[in-house]
Amino acid sequence: MARLNRRFYARDPAVLARALLGQVLVRVLADGVRLSGVIVETEAYLGVEDRAAHTCGGRRTARNASMWGPAGHAYVYFTYGMHHCMNVVAEAPGQPSAVLLRALEPVEGIERMRAHRSVKIAASRLRQIDLCSGPAKLAQALAIDRALDGADLITGQMLFIEHGQPLPADRIAAGPRIGVDYAGEWAQKPLRFGVVGNPNLSRAL
DNA sequence: ATGACGATTTACT
DNA sequence: GTAAATCGTCATA
């Protein structure tokens, strides 16, 4: 299956967040094993105005440097002292926006994902819908960490997104973003998108 | 040098 | 429903 191209990523993050639903995130491990899943939940983060974004107020640091770069690269950050989260950079250099990948429907390499997720949790308690139903869960399942921050999703060999099944608008729902209550009015904006009724969502939408 | 804080997950009451 | 886990990052000094 063909990968998404640079033009696909270089647009408004809220539009991109919807367009990414139904596409397939692929991670190729060092031993060549392919892990993949259909993207079923995303959130858009909008540049310097968005109080919930890491680039709020024009903040530009070593950590968020990827958000300021060209579209189609990964922005992977570490948070809460233990979790990684993956974003896809949108728009153009100097317009720091991104889309957080919040949940996948596992497709390839499910047993390997289960092994990655079982480091801290008993495998017997892990249902398939527990593998990638949250931003830090999918990062752990696919072995995505800061080593992949800045990775080019168009030319890279370890992390990219392939075309999936097109998703009609009536199967997409929008709602407030998760975990950004500190962001004032920006916390209420409907910038979280998900596939209606999909069991892999981090929460119902 | 120091302190406060997470774009979360998990277990437990 | 609530709380703990756990540490890199960033603003302040």
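Residue numbers start from 1 in every chain, and the chains themselves are labelled A, B, ... in the order their sequence lines are given, proteins ahead of strands.
Here the side chain of A:Arg117 is nearest to one of B:dA7, C:dA5, B:dT9, namely B:dT9. Of the candidates C:dC10, B:dA7, B:dT8, B:dT8 carries the atom nearest the A:Ile178 side chain, counting heavy atoms from C-beta on. Residue A:Lys137 places its side chain closer to B:dT9 than to any other of B:dG6, C:dC10, B:dT9.
Between the CD1 atom of A:Ile129 and the P atom of B:dT9 there is a distance of 14 Å, rounded to whole Å. Put simply, CG on A:Asp145 is 15 Å from P on C:dC7, counting in whole angstrom units. Atoms OH (A:Tyr75) and C1' (C:dT9) sit 10 Å apart, rounded to a whole Å. The nearest whole Å value for the distance from the CG atom in A:Asn64 to the P atom in B:dG6 is 15 Å. The nearest whole Å value for the distance from the CG atom in A:Leu46 to the P atom in B:dA7 is 16 Å. Distance A:Ile144 CD1 to B:dA7 P: 18 Å, rounded to the nearest Å. In this entry the distance linking CZ of A:Arg203 with P of B:dA7 reads 15 Å, nearest Å. In this structure, A:Glu41 places its CD atom 14 Å from C1' of B:dT9, rounding to the nearest Å.
Contact check, A:His83 against B:dT9: no side-chain N or O comes under 4.0 Å of OP1 or OP2. For A:Arg60, no side-chain nitrogen or oxygen approaches OP1 or OP2 of C:dT9 to under 4.0 Å. OP1 or OP2 of B:dT8 lies within a sub-4.0 Å distance of a side-chain N or O belonging to A:Arg102. At C:dA11, one or more side-chain N or O atoms of A:Arg59 fall inside 4.0 Å of OP1 or OP2 (strictly under the cut-off).
Under the Watson-Crick or G-U wobble criterion, with both distances below 3.5 Å, B:dT10 is paired with C:dA3.
Remark on DNA chain C: of its neighbouring residues A:Tyr80 and A:Arg146, the 5'-side contact belongs to A:Tyr80, judged by nearest-heavy-atom nucleotide. Between A:Tyr182 and A:Asp130, the residue anchored closer to the 5' end of DNA chain B is A:Tyr182, taking for each the nucleotide with the nearest heavy atom.
At most 12 non-hydrogen atoms from other residues, nucleotides or ligands lie less than 6.0 angstrom from CZ of A:Arg171. Around atom CD of A:Glu162, more than 12 heavy atoms belonging to other residues, nucleotides or ligands sit under 6.0 Å away.
Using a 4.0 Å heavy-atom distance criterion, A:Arg177 is classed as making no nucleic acid contact. Note on A:Met67: a base of the nucleic acid sits closer than 4.0 angstrom, heavy atoms only. Among the atoms of the strands shown, only primed sugar atoms or phosphate atoms (P, OP1, OP2) are found under 4.0 Å from some heavy atom of A:Ala136.
Stacking here means ring centres nearer than 5.5 Å and ring planes tilted less than 30 degrees, and by that measure A:Phe78 does not stack onto C:dG8.
Ring-centre distance between A:His54 and A:Tyr77: below the 6.0 Å cut-off.
Among A:Thr42, A:Val40, A:Leu167, the one residue that satisfies the side chain to side chain contact (heavy atoms under 4.5 Å, CB included) test with A:Ile172 is A:Leu167.
For the pair A:Arg27 (side chain) and A:Ala143 (backbone), a donor-acceptor distance under 3.5 Å is present.
Residues A:Tyr9 and A:Val99 have side chains not in contact (no heavy-atom distance under 4.5 Å, counting atoms from C-beta outward).
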